[in-house]
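Below is one structure, written out as structure tokens; comments come after it.
Scope of the values below: all heavy atoms of this structure, side chains included, with no hydrogens, waters or symmetry mates.
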Amino acid sequence: MHKEKKNVPMQFLLRFLEGILIGTGGILPGVSGGALCVVFGIYRPLMELFSNPFKNLKKYFWMLFPYGLGIGVGFIGLAGLVDYVLRTHEALAVCAFVGLILGMVPQLFRDAGEQGRGKGDWVALSISFVLLTALFLYLRYGAGMHIVPNVGWWLVCGAIWGLNVILPGMSSSSMLIFLGLYQPMLAGISRFSMQVILPIGAGAVLVILTLSKAVNALFSKHYALMYHAILGAVLATVVPLIPIHFSGVWDVVLDALCIAGGFVVSLFLNKVSQKYLHKAEAQDGASENT
């Protein structure tokens, strides 16, 4: 018991830092915040909470609270910084997140097979990967729209962000870029404009509360199938992010270093989280049942 208490500050800090990565990752074009929720192991607790908030709030509050703080810092507090980095070093920032996602894939694969694997699970992974890769590539290279932003469109932005959480692998930022809403949205968030933030939040909450129960039910009945489909979606997010245009050898080296750096950081975070977080979550769940 004494050892558990000594680890509480470390657990809180790690969850907070991972929340910052989730929030920041949700802003970066092509990166799915929902996918990062999966790789950091909070996707299913979130779905359970959203599907039945009154029943599960007490169970998951202390686990998800530091994540929520971190997501707020990453998504809102760092929006201005991310806007600047994307305008000045977009390729390097996105490459770092490619490495982050790739470094978490081995653990995701182990989690997906926790209850065994069948042929149907491999089929689900393959279909998810192929269809979403095709969709993301089309959105990046084959589609283009421009819309004048207003309150209605901010609600649409929020709905897309909500789907981004419900369906890991869906890249809301990329979709918003092609709709012409990404830069105005980011600018509004960075200056704390309530005319932008409130409709986005309302749209996201509405979609999450509406669909999370169905998604959680699918997980309860078809764990392996759903998890393999999500793994395919996570892998699909990487494909459109891989740089294909280089101005010289130095660009190739920098992109590779950023991918490698993200990969090393993700391996470290996963190792530390396995030590401090997942054991604690199991203990929290056990304590709730006693």
Side-chain angles (χ1 to χ4, degrees), residues 18 20-36 38-40 74-75 78-109 125-126 128-146 160 164 168-187 189-190 231-270:
E18 289 183 349
I20 290 177
L21 289 174
I22 293 170
T24 305
I27 292 176
L28 286 176
V31 178
S32 167
L36 292 178
V38 173
V39 301
F40 288 127
F75 188 80
L78 299 182
L81 176 60
V82 172
D83 183 27
Y84 170 78
V85 171
L86 288 174
R87 283 187 284 103
T88 56
H89 303 93
E90 178 180 352
L92 298 181
V94 173
C95 282
F97 271 81
V98 168
L100 176 67
I101 294 174
L102 289 177
M104 292 293 181
V105 166
Q107 183 60 45
L108 276 178
F109 185 76
L125 189 155
S126 301
S128 173
F129 175 75
V130 171
L131 291 181
L132 287 174
T133 297
L135 173 63
F136 295 155
L137 288 175
Y138 170 74
L139 288 175
R140 180 161 187 175
Y141 299 109
M145 297 179 64
H146 179 72
I160 293 175
N164 180 54
M170 175 179 170
S171 176
S172 53
S173 296
S174 295
M175 293 185 179
L176 294 176
I177 286 175
F178 301 122
L179 290 173
L181 294 170
Y182 180 74
Q183 288 294 343
M185 180 199 71
L186 203 59
I189 293 173
S190 65
L231 177 57
V234 171
L235 292 172
T237 64
V238 177
V239 177
L241 299 178
I242 298 173
I244 58 176
H245 300 294
F246 306 98
S247 59
V249 176
W250 184 236
D251 272 0
V252 177
V253 172
L254 285 179
D255 287 349
L257 287 174
C258 286
I259 292 175
F263 186 82
V264 171
V265 168
S266 70
L267 289 179
F268 172 76
L269 286 174
N270 184 58

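In this structure the side chain of L135 reaches within 4.5 angstrom of the side chain of L132, judged on heavy atoms.
Residues A236 and T133 approach most closely at CB-OG1, 3.4 Å, considering heavy atoms. Counting all heavy atoms, side chain and backbone alike, G232 lies closest to S128 at C-OG, 3.7 Å.
Under the side chain to side chain donor-acceptor pair (under 3.5 Å) criterion, the residue pairs touching residues 247-262 are S247-D251, with sequence neighbours excluded.
Rounding to the nearest 0.5 Å places CG of L181 at 12.0 Å from CG of L186. Note that CD1 of I259 and CG of L254 are 11.5 Å apart. Values are rounded to the nearest 0.5 Å.
Within the 3.5 Å criterion, the main-chain N or O of A187 finds a donor-acceptor partner in the side chain of S190.
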